[in-house]
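Atoms considered below: every heavy atom in the structure, side chains included; atoms not considered: hydrogens, waters and symmetry mates.
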Amino acid sequence: MASVDMSLVFRIINCVVAAFMVIGGIGTIIREGFPNFITGIFCIIFGVITAVFEFRLPSQITQFASFMFSFLGRGLFYIFIGCISLNYGALAIASGVIVIVVGVVYTVLHFVPGVQAPSNMQRSAFEESLGYSTRPLEQGGSYPGGGAAYNNGSYPSGGAAYNNGSYSTPATDVGHGSPGSYGGSFPTKTYVSDGPGPTV
């Protein structure tokens, strides 16, 4: 029997939850009253964002939604969205209950060892969406500013290599009195004797 790809299962669940958020939002909008309209719009927007996160992670959104990258954060978010649509008609209530149930399951999974969130719900996905490299520097990772890795011989600002004996900005070699790298000899510290101690 072939093993089930749990990452794919979680992605499908998230898409289903996103659909029920939109359905719950529509059910809320149908109810009369401006507050219901605003609540429904928010549910629809959050549903669309949840669906988008299953296919791509736009940094313009992820920078404000770091809580979406863990079972606990995602679960509490689902519970919140489900709760705000519980009192607005049968359609919205049914959608809200489904979203809440998934949120509770996700919250519990956060505390279950051995259960791994799908790749798009992990912290590494959040960091990569913002331009951070999650690879170790010795494997060619980079700093957020896009500079080369320290291990590859330069600082993020693109300056000269530290390992090659110089810094990113010109400095004065105190030992030689000329601008250049610190790769030259450092100044020699001279200790001056204080002379013989006091005579008693």
Side-chain angles (χ1 to χ4, degrees), residues 1-135 142-146:
M1 181 177 178
S3 60
V4 179
D5 186 356
M6 293 305 299
S7 178
L8 178 61
V9 171
F10 285 127
R11 285 176 176 268
I12 294 174
I13 292 175
N14 290 334
C15 288
V16 172
V17 168
F20 278 111
M21 285 184 184
V22 174
I23 293 173
I26 294 174
T28 304
I29 291 176
I30 292 175
R31 308 292 295 181
E32 296 180 358
F34 183 73
N36 295 343
F37 176 80
I38 296 299
T39 302
I41 291 297
F42 272 108
C43 289
I44 293 174
I45 291 174
F46 288 138
V48 171
I49 292 175
T50 301
V52 168
F53 275 14
E54 298 309 310
F55 302 98
R56 59 175 303 183
L57 298 172
S59 59
Q60 297 88 344
I61 301 176
T62 56
Q63 62 180 324
F64 303 110
S66 59
F67 57 87
M68 295 283 280
F69 295 89
S70 69
F71 273 133
L72 181 60
R74 185 74 70 106
L76 294 177
F77 172 69
Y78 286 175
I79 292 172
F80 170 73
I81 297 299
C83 287
I84 65 176
S85 61
L86 281 179
N87 297 324
Y88 303 105
L91 181 63
I93 291 175
S95 300
V97 168
I98 294 173
V99 174
I100 290 173
V101 169
V102 176
V104 171
V105 172
Y106 274 15
T107 303
V108 173
L109 288 178
H110 177 79
F111 301 98
V112 177
V115 179
Q116 187 175 13
S119 58
N120 66 313
M121 282 177 55
Q122 296 181 9
R123 186 71 181 180
S124 58
F126 169 70
E127 294 174 348
E128 289 179 355
S129 70
L130 297 180
Y132 290 79
S133 174
T134 56
R135 293 178 297 166
S142 62
Y143 288 87

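Rounded to the nearest 0.5 Å, atoms SG (Cys43) and CD1 (Ile23) are 12.0 Å apart. Considering CD1 of Ile81 and OG1 of Thr39, their distance stands at 10.0 Å, rounded to 0.5 Å.
Here the side chains of Val17 and Tyr78 are in contact, with some heavy-atom distance below 4.5 Å. When side chains are defined from C-beta on, Met6 does not count as touching Pro118, because their heavy atoms never get closer than 4.5 Å.
A side-chain contact (heavy atoms from CB on, under 4.5 Å) with Arg74 holds for exactly one of Thr50, Thr107, Ile79; it is Thr50.
Ring-centre distance between Phe71 and Phe10: below the 6.0 Å cut-off.
Counted within 6.0 Å of CZ on Phe67, heavy atoms from surrounding residues, nucleotides or ligands total more than 12; the atom is thus considered enclosed.
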side-chain hydrogen bond (donor to acceptor under 3.5 Å, both in side chains) between Arg56 and Thr62, intermediate numbers included: CA-CA 10 Å; Arg56 59 175 303 183; Thr62 56; over 6 Å; no

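Put simply, the side chain of Asn120 never gets that close to the backbone of Leu57: no donor and acceptor are under 3.5 Å apart. The closest donor-acceptor contact from the side chain of Gln63 to the backbone of Leu130 lies at 3.5 Å or more, if one exists at all.
Nearest heavy-atom pair across Ala92 and Gly24 is CB-O, 3.7 Å. Residue Ser129 comes nearest to Phe126 through the heavy atom pair OG-O, 2.6 Å, listed as atom of the first residue, atom of the second, then distance.
Using a 30° and 60° split on the angle between ring planes, Phe77 and Phe46 fall in the perpendicular class, above 60°.
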